[in-house]
Participant: 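Please find one structure pasted underneath; my questions will follow.
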Amino acid sequence: MFGLRTKKPETTEVVAVDPLDRIDRRIPAEPRPVPGAADRDGRMIAASAGLRDAVAPRLQMLIQAGIPAGEVTREAGALSQAHFRSHGVMLAPLELRRHVADVLRPILPATNFGAPTVGASVDAPPEPETAIEMASAIKAPVLSERPQPAPAAVKTEPFGRSAALQAASLVKSEPDDKLDDNSSSKLSRSKVDQARRAVQAMVMTRIDLAAAVSMPRSELVRQLEGLAAELLAEHRIQLNRPEQTDLVHQLVNDMMGLGPLEPLLADDGITDIMINGPKQIYIERQGKIALTSVTFEDNAHLLNICNRIVSRIGRRVDESSPICDARLEDGSRVNIIIPPLAIDGASVSIRKFGKRQIGFDQMAQQGNISPAMATVLRIASRCRLNTVVSGGTGSGKTTMLNALSGMIDNGERVVTIEDAAELRMQQPHVVRLETRPANLEGNGEVSMRDLVKNALRMRPDRIILGEVRGPEAIDLLQAMNTGHDGSMGTLHANRPREALTRLENMVTMGASNLPPKAIRSQIAGSLQLIVQISRMRDGVRRVTHITEVMGMEGEVVVTQDLFTYEFHGEASDGKLSGAFKSSGLRPHFLSRAAYYGLDKVLMEAMA
């Protein structure tokens, strides 16, 4: 059995010709021809031309017999394979799939992508038995020993953004005479959304997500355009070129960005994004709030985006910790509150910051302040006055703080402390600190007061607090009064006098045993300037008061207004009219301005 074999002479055996030999067998004595490239191309053309006539009648019979679309598709793959082999052509699976789709396209009905019906489920997955989808899933037998080429690795730029989608077209603020255009736009977006739900799952299975991390966004979009076009053809979904571009950007945003929020974040004219559940998103543009047509699939989709935001900075939001402050990569501030505290679904508030930092010159051009007020504020920052910016929510306190910090000398060491880092310091020597919430066990919390105490040991020239809201006020006042001149902070108040009262209340939160007079003396000795900002009903943010803290008289903190805003009326276009008035008084910090050589400039601005 295991010995040497003797090679027997080959004998030619004559086999009777059977009708079956014409289909799938050859006579052993017949030599196998070696086709050339030109011969294969000719047979390929002939086989493709007769494919539909050979396969379609059988498929139509199956459809009339009530056979499911999936079975019809599988039979189409087997019949097409046999047809090409009968012509001496062996196709790779991808080539076979394309021909099967061409055969099925005129036979099976296309997917309907009309306007969504009332009560239809928005998040329903695509039907798995769609005929063309099953055609794309055909696993044809391996017709050659040559391995199939692996799909190219798709790479992407993490968290990139595209400005191709204009969020302005998504805002429901058009007049009534454009209702027809709005209806067409809504229908187009509905088609794109439904197409995305149909092809998104297949896109995720056909790309290498592990490799999609380093390619530029433009290259990823280019590669997905081809894949999306192929999937749309397989599903018999007809979209025009702009709709296909919209679809590709939606796929990229869902994979690597913040989904439906990306076009809103890319619009520089939007300053606030307010999400009230998955189906209601408001924006603020030029001080006015408007409802958009942007929506999420469902609450789970919105929660997924929330988790994607907070996970980037190492935080979490869940039922045990349903409130979270976070920030985006561009510094935009985010507040998230989810069920069970938010009854109608997750609520997200995003305060956007423009790509360009607003300075005093631009504020003067926009009518936020007068040129003389801008000069006084520059001098106050250069003279290292301890300053508090006061105002309501969304009045522009952080923007004003950024403008004041622009006058800080580059040689100073600055320490910033915030709940969510959003200050944009222009100096090279800046230390940015951020608070940390407690973990699941309730441990590890680092409050703003802890950071203020630690900042005093870091040899700062100035300490800047993003917002003073609690007992850290006493530590800030002590820092202002112990050699850290020029420190700044913001707080919520409607008037300068109310800012002093609120500051006194916050000091009491941290040092309840101090008498009121001692607290007021500490405030009068530490604080020197209050800048009051207000967002008025025409949407314009204006500095209404620049108030100087002069000292104490008895138990009262004495202040004087250097500049005020006087309201005159309302113009025909809805804008408020008024004027910035200088009090003409001699500033109490004039001697300090003289120390820095700025006294003459200060008096000229006050004149």
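Treat the numbers as computed from the prediction; the structure is a model and nothing was measured. Residue numbers run from 1 in the order of the sequence given. Worth knowing before you read on, the calculation uses all heavy atoms, side chains too, and leaves out hydrogens, waters and symmetry mates.
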Participant: Do the side chains of Met373 and Phe360 get nearer than 4.5 Å, heavy atoms only?
Facilitator: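 A side-chain contact is absent here, since even the closest heavy-atom pair is not under 4.5 Å.
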Participant: Is a side-chain N or O of Ser405 found less than 3.5 angstrom from the main chain of Asn402, in a donor-acceptor match?
Facilitator: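 Between the backbone of Asn402 and the side chain of Ser405 there is a qualifying donor-acceptor contact (under 3.5 Å).
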Participant: I'd like to know if Lys575 pairs up with Asp573 as an ion pair, taking the criterion as any Lys NZ or Arg NE/NH1/NH2 lying under 4.0 Å from an Asp or Glu carboxylate oxygen.
Facilitator: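 So Lys575 does not pair with Asp573 through a salt bridge.
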Participant: Of all heavy-atom pairs between Pro460 and His484, which one has the smallest distance, and what is that distance?
Facilitator: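 Here Pro460 and His484 meet closest at O-CD2, 3.1 Å.
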Participant: Would you call Gln522 and Asn481 a side-chain contact if the rule is heavy atoms closer than 4.5 Å?
Facilitator: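 Yes, their side chains come closer than 4.5 Å.
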Participant: Quick one, Val557 and Met550 - any side-chain contact, counting heavy atoms below 4.5 Å?
Facilitator: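 Not touching, per the 4.5 Å side-chain cut-off.
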Participant: Do Asn299 and Pro339 make a side-chain contact, defined as non-hydrogen atoms from C-beta onward lying under 4.5 Å apart?
Facilitator: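 Sidechains of Pro339 and Asn299: in contact.
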Participant: Which pair of heavy atoms, one from Phe589 and one from Glu548, lies closest together, and at what distance?
Facilitator: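 Phe589 and Glu548 have their closest heavy atoms at N-OE2, 2.7 Å.
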Participant: Is the shortest side-chain heavy-atom distance between Gln280 and Asp344 below 4.5 Å?
Facilitator: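 Of all side-chain heavy-atom pairs linking Asp344 with Gln280, none is under 4.5 Å.
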Participant: Between atom CD1 of Ile275 and atom CD1 of Ile283, what is the distance when rounded to the nearest 0.5 Å?
Facilitator: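 These two atoms lie 12.0 Å from each other.
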Participant: Do the side chains of Glu504 and Arg520 get close enough for a salt bridge, i.e. N-O under 4.0 angstrom?
Facilitator: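 Arg520 and Glu504: salt-bridged.
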Participant: Are any of the side-chain nitrogens in Asp267 or Arg285 under 4.0 Å away from the carboxylate oxygens of its partner?
Facilitator: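 Salt bridge flag = yes for Arg285 with Asp267.
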Participant: Not counting sequence neighbours, which residues clear side-chain hydrogen bond (donor to acceptor under 3.5 Å, both in side chains) with Arg537? List them please.
Facilitator: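 In terms of side-chain hydrogen bond (donor to acceptor under 3.5 Å, both in side chains), with neighbours along the sequence ignored, Arg537 is linked to Glu570.
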Participant: Is the CZ atom of Arg424 crowded by more than 12 outside heavy atoms at less than 6.0 Å?
Facilitator: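 Atom CZ in Arg424 is packed in, count exceeds 12.
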Participant: Is any side-chain heavy atom of Met488 less than 4.5 Å from a side-chain heavy atom of Ile463?
Facilitator: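 Side-chain contact under 4.5 Å: no.
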Participant: Quick one: pull up CG in Leu264 and CD1 in Ile273 and give me the separation to the nearest 0.5 Å.
Facilitator: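 Spacing of CG (Leu264) from CD1 (Ile273) equals 4.5 Å.
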Participant: Could you check if a side-chain atom of Val415 sits within less than 4.5 angstrom of a side-chain atom of Leu451, using non-hydrogen atoms only?
Facilitator: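 Side-chain contact under 4.5 Å: no.
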Participant: Please find the pair of heavy atoms, one from His588 and one from Ser591, that lie closest to each other, and give the distance.
Facilitator: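 Taking every non-hydrogen atom into account, O-OG, 4.4 Å.
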Participant: Would you call the rings of Phe580 and Tyr565 parallel, tilted or perpendicular, taking 30° and 60° as the class edges?
Facilitator: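 Correct class here is tilted.
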Participant: Who passes side-chain hydrogen bond (donor to acceptor under 3.5 Å, both in side chains) against Asp538, sequence neighbours left out?
Facilitator: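 In terms of side-chain hydrogen bond (donor to acceptor under 3.5 Å, both in side chains), with neighbours along the sequence ignored, Asp538 is linked to Arg542.
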Participant: Quick one, Ile464 and Val414 - any side-chain contact, counting heavy atoms below 4.5 Å?
Facilitator: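 Yes; the side chains approach each other to less than 4.5 Å.
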Participant: Between Ser577 (side chain) and Gly569 (backbone), is there a donor-acceptor pair under 3.5 Å?
Facilitator: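 Yes, the answer is positive, given that a donor and an acceptor are paired below the 3.5 Å cut-off.
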Participant: Does Glu284 come within less than 4.0 Å of Arg541, counting only side-chain N to carboxylate O?
Facilitator: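 Salt bridge: yes.
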Participant: Mind checking the OG1-NZ spacing from Thr295 to Lys279? Nearest 0.5 Å is all I need.
Facilitator: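 Answer rounded to 0.5 Å: 4.5 Å.
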Participant: Whether the side chain of Ser321 engages the backbone of Val317 through a donor-acceptor N/O pair (distance < 3.5 Å, no angle test) should be reported.
Facilitator: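 Flag not set: sc Ser321 to bb Val317 has no pair under 3.5 Å.
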Participant: Given Asn386 and Ser526, is the side chain to side chain donor-acceptor pair (under 3.5 Å) satisfied, shown in steps?
Facilitator: CA-CA 7 Å; Asn386 296 324; Ser526 303; over 6 Å; no
Participant: In sequence, state the C-alpha distance, the side-chain angles, and the governing distance for Val452 and Ile417, and then conclude on side chain to side chain contact (heavy atoms under 4.5 Å, CB included).
Facilitator: CA-CA 7 Å; Val452 172; Ile417 303 172; 3.7 Å; yes
Participant: Take Gln532 and Ser390 through the side chain to side chain donor-acceptor pair (under 3.5 Å) test and state the conclusion after the steps.
Facilitator: CA-CA 5 Å; Gln532 182 69 42; Ser390 171; 2.9 Å; yes
Participant: Looking at Ser395 and Ser534, would you say the former's side chain and the latter's main chain have a donor-acceptor pair under 3.5 Å?
Facilitator: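 Not a single qualifying donor-acceptor pair exists.
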Participant: Without swapping roles, check the side chain of Ser381 against the backbone of Leu377 for a donor-acceptor pair under 3.5 Å.
Facilitator: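 Answer holds: no.
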Participant: Considering residues, nucleotides and ligands other than Gln560, do more than 12 of their heavy atoms fall under 6.0 Å from its CD?
Facilitator: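 Enclosed: over 12 neighbouring heavy atoms sit under 6.0 Å from CD of Gln560.
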Participant: Are Gln528 and Thr387 close enough, and set up right, to give a side chain to side chain contact (heavy atoms under 4.5 Å, CB included), and what steps lead you there?
Facilitator: CA-CA 6 Å; Gln528 294 160 333; Thr387 306; over 6 Å; no
Participant: Rounded to the nearest 0.5 Å, what's the gap from CE on Met552 to CD1 on Ile523? Could you check?
Facilitator: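 Rounded to the nearest 0.5 Å, the CE-CD1 separation comes to 9.0 Å.
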Participant: Once salt bridge (charged side-chain N to carboxylate O under 4.0 Å, His left out) is applied, do any residues pair with Arg469, and if so which ones, sequence neighbours excluded?
Facilitator: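 Listed in chain order: Asp419, Glu467.
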Participant: If you measure from the Lys or Arg side-chain nitrogens to the Asp or Glu carboxylate oxygens, is any gap between Asp485 and Arg592 under 4.0 Å?
Facilitator: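 Result for this pair is yes, salt bridge flagged.
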Participant: Using the rule given for side chain to side chain donor-acceptor pair (under 3.5 Å), can you reason through Asp450 versus Ser447, listing the C-alpha separation, both sets of side-chain angles and the distance that settles it, and then say yes or no?
Facilitator: CA-CA 5 Å; Asp450 297 330; Ser447 65; 3.0 Å; yes
Participant: Would you say the side-chain atoms of Asp561 pair up with the backbone N or O of Thr564, donor to acceptor, closer than 3.5 Å?
Facilitator: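 The answer is no, because no donor-acceptor pair under 3.5 Å joins these two groups.
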Participant: For residues Thr435 and Arg315, report the shortest heavy-atom separation together with the two atoms involved.
Facilitator: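 Closest pair (atom of Thr435, atom of Arg315, distance): O-NH2, 2.8 Å.
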Participant: Starting at NE2 of His545, measure out to CD1 of Ile530 and round the result to the nearest 0.5 Å.
Facilitator: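 The distance works out to 10.5 Å.
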Participant: Verify salt bridge (charged side-chain N to carboxylate O under 4.0 Å, His left out) between Arg378 and Asp361, making sure each step is shown before the conclusion.
Facilitator: CA-CA 11 Å; Arg378 287 193 182 97; Asp361 292 336; 2.5 Å; yes
Participant: Kindly indicate, with the supporting measurements, whether the criterion side chain to side chain contact (heavy atoms under 4.5 Å, CB included) is fulfilled by Phe296 and Ile281.
Facilitator: CA-CA 9 Å; Phe296 291 88; Ile281 300 179; 3.6 Å; yes
Participant: Taking the side chain from Lys352 and the backbone from Leu265, do they hold a donor-acceptor pair closer than 3.5 Å?
Facilitator: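 Checking the backbone N and O of Leu265 against the side chain of Lys352, a donor-acceptor pair under 3.5 Å is found.
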Participant: Count the heavy atoms of every other residue, nucleotide or ligand shown that sit under 6.0 Å from OH of Tyr596, and state whether that count exceeds 12.
Facilitator: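 Buried by this count: over 12 neighbours within 6.0 Å.
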Participant: Has Asp409 got more than 12 heavy atoms of other residues, nucleotides or ligands less than 6.0 Å from its CG?
Facilitator: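 Yes.
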Participant: Any carboxylate oxygen within less than 4.0 angstrom of a Lys/Arg side-chain nitrogen, looking at Arg413 and Asp461?
Facilitator: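 Judged by the 4.0 Å cut-off on N to carboxylate O distance, Arg413 and Asp461 do not form a salt bridge.
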Participant: Compare every heavy atom of Ala605 with every heavy atom of Val376, then report the nearest pair and how far apart it is.
Facilitator: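 Result for this residue pair: CG2-CB, 3.9 Å.
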Participant: Nearest 0.5 Å, what's the CD1-OG1 distance between Ile270 and Thr292?
Facilitator: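 Here the interatomic distance stands at 8.0 Å.
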Participant: Strictly below 4.0 Å, N to O, side chains only: are Glu472 and Lys453 in salt-bridge contact?
Facilitator: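 Lys453 and Glu472: not salt-bridged.
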Participant: Kindly indicate, with the supporting measurements, whether the criterion side chain to side chain contact (heavy atoms under 4.5 Å, CB included) is fulfilled by Val507 and Leu477.
Facilitator: CA-CA 9 Å; Val507 171; Leu477 292 178; 3.6 Å; yes
Participant: Looking at Arg462 and Glu412, does any basic side-chain N land under 4.0 Å from a carboxylate oxygen?
Facilitator: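 Answer for the salt bridge query: yes.
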Participant: Considering non-hydrogen atoms only, spot the tightest contact between Met509 and Gly470 and give its length.
Facilitator: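 Scanning both residues, the minimum pair turns out to be CE-CA, 4.0 Å.
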Participant: Among Asp272, Leu261, Leu258, exactly one meets side chain to side chain contact (heavy atoms under 4.5 Å, CB included) together with Ile350. Which residue is that?
Facilitator: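 Exactly one pass, corresponding to Leu261.
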